[in-house]
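Heads up: the structure comes next, in structure tokens.
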Amino acid sequence: MSQHAALFASYHNHTTWSDGSASPADMIRAARGAGIREFGVSDHFCLSPYNSGSVCAVAPESLGDYVQDVERAGCAVPDMEIRLGLEVDYFEETFEASVALLQLYSFDYIIGSVHCVDGFQVDVDSGSWSALAPERRDRIWLLYWQRLRAAAETGFFDIIGHFDLPKKFACYPSSDLTAEALKTLDAIVRSGAAIEINTSGWDKPAREAYPSLFYLREAKRRGIPLVISADAHEKDSIDRYFSRARELARTAGYGETACFEHRKRSLRKI
Ligand SMILES: [Zn+2]
Ligand SMILES: [Zn+2]
């Protein structure tokens with residue numbers, strides 16, 4: 001396979017069911033145009049213990065319609081494999097309630113992500129980060145690593161989303177929290193979950209995929225499986241930086257990525 005050939009599978013993609021700009025059918029058509037053979041839709045699902053009025057996610061009462069819509073869109077493309085996923089915000093407080101709802105449906109994979117800690121949304125804008133006092137910034141980073149670790153420790157998730165997301169706006173902690181991040185990788189390997197190279201980071205102020213090469217090498221050293229994701233919210237970003245991500249994966253020592261069906265994982269050469 002040439003360096004520029006399309007990736008076989010891509011799982012982390014959003015549609016108008018959450019904060020994406022295109023329908024599942026339109027995203028699937030774009031994926032086919034990009035040469036992706038196995039495509040997953042993974043809209044946000046978020047039972048927030050905080051004020052959740054503005055959360056852009058599939059509503060619990062709409063989960064059945066979401067599932068049906070993705071399955072229907074998949075039936076229209078018999079030459080592709082369409083996978084049913086979801087990106088679930090992990091909150092200790094609402095985890096059991098989330099699982100109870102998700103178990104009503106037959107997902108191919110569930111991505112576990114942390115976007116919000118202690119009521120602070122880590123990925124919304126740089127202004128909210130620059131307004132933080134240094135101690136508060138450090139605290140947010142620390143809580144992030146702890147919450148992501150707790151998400152992995154549930155053993156529920158198939159993929160852990162955008163490992164080092166708080167770096168998005170290039171606001172880094174003043175103290176070295178590498179040990180906390182590595183403990184989180186240890187929890188991920190124990191859980192059996194995969195991580196992703198999430199290429200959206202290359203478009204953000206951090207100018208780096210999630211995770212950094214350092215953490216990717218640490219993940220590989222631990223034997224954590226990998227997927228490559230665009231975290232696409234629009235058709236144009238369906239395969240953004242995939243060649244670059246493949247090179248990054250190889251640099252870190254990965255020769256395979258994971259595929260998912262009915263929450264069972266298999267490996268495929270990159
Ligand atoms: Zn996310
Ligand atoms: Zn996402």
Side-chain angles (χ1 to χ4, degrees), residues 7 9-24 27-28 30-31 36 39-48 50 52 54-58 66 70 83-91 94-95 98 102 107-117 120-126 128-129 140-141 143-145 147-152 156-169 184 188 193-206 208-212 215 226-242 245 260:
L7 286 182
S10 174
Y11 294 122
H12 189 157
N13 301 290
H14 298 275
T15 75
T16 44
W17 280 96
S18 61
D19 55 352
S21 64
S23 66
M27 290 297 273
I28 288 167
I36 295 165
F39 184 77
V41 176
S42 62
D43 274 298
H44 291 284
F45 182 77
C46 179
L47 290 187
S48 174
Y50 306 106
S52 57
S54 62
V55 170
C56 194
V58 185
Y66 165 73
V70 174
R83 300 290 184 238
L84 176 65
L86 208 58
E87 182 182 11
V88 175
D89 265 78
Y90 173 73
F91 295 100
T94 59
F95 175 67
S98 298
L102 302 183
F107 288 99
D108 288 305
Y109 59 93
I110 304 281
I111 302 172
S113 293
V114 172
H115 302 100
C116 178
V117 286
F120 181 80
Q121 203 70 32
V122 302
D123 63 338
V124 168
D125 62 70
S126 60
S128 56
W129 274 98
I140 295 292
W141 269 97
L143 288 173
Y144 175 82
W145 290 126
R147 191 177 289 272
L148 196 66
R149 193 180 314 152
F156 178 72
F157 299 107
D158 303 293
I159 301 167
I160 296 294
H162 36 60
F163 178 72
D164 49 1
L165 179 67
K167 75 180 177 188
K168 178 172 177 175
F169 300 107
T184 303
I188 293 173
I195 60 160
E196 55 174 10
I197 290 180
N198 184 314
T199 64
S200 71
W202 273 311
D203 279 338
K204 303 299 186 311
E208 193 176 80
Y210 311 106
S212 64
Y215 289 130
L226 180 72
V227 298
I228 294 176
S229 306
D231 205 345
H233 286 70
E234 55 283 310
K235 290 182 284 182
D236 288 349
S237 53
I238 208 99
D239 61 347
R240 62 177 149 185
Y241 305 117
F242 275 0
F260 292 90

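This structure is a prediction, so every number in the text was calculated from the model and none was measured. Throughout, residue positions are numbered sequentially from 1 according to the sequence presented. Start at 1 and go down the list; that is how both ligands and their atoms are numbered.
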Member of Thr199, Asp203, Asn198 meeting the side chain to side chain donor-acceptor pair (under 3.5 Å) criterion with Tyr241:
Asp203
At the Zn ion (ligand 2), what is the angle formed between atom OD1 of Asp231 and atom NE2 of His12, rounded to the nearest 10°?
80°
Side chains of Ser229 and Asp231: any donor to acceptor distance under 3.5 Å?
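Absent: no donor and acceptor within the cut-off.
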Among side-chain atoms of Tyr11 and Asp108, is any donor-acceptor pair under 3.5 angstrom?
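No.
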Can you name the N, O or S atom of His14 that is closest to the Zn ion (ligand 2)?
NE2
Do you know which N/O/S atom name in Glu87 is closest to the Zn ion (ligand 2)?
OE1
If I consider every N, O or S atom in His115, which one ends up closest to the Zn ion (ligand 1)? I only need its name.
NE2
Whether His44 has an N, O or S atom under 2.8 Å from the Zn ion (ligand 2):
no
Would you call the rings of His162 and Tyr210 parallel, tilted or perpendicular, where under 30° means parallel and over 60° means perpendicular?
perpendicular
Enclosure of Lys204 NZ (heavy-atom neighbours >12, cutoff 6.0 Å):
yes
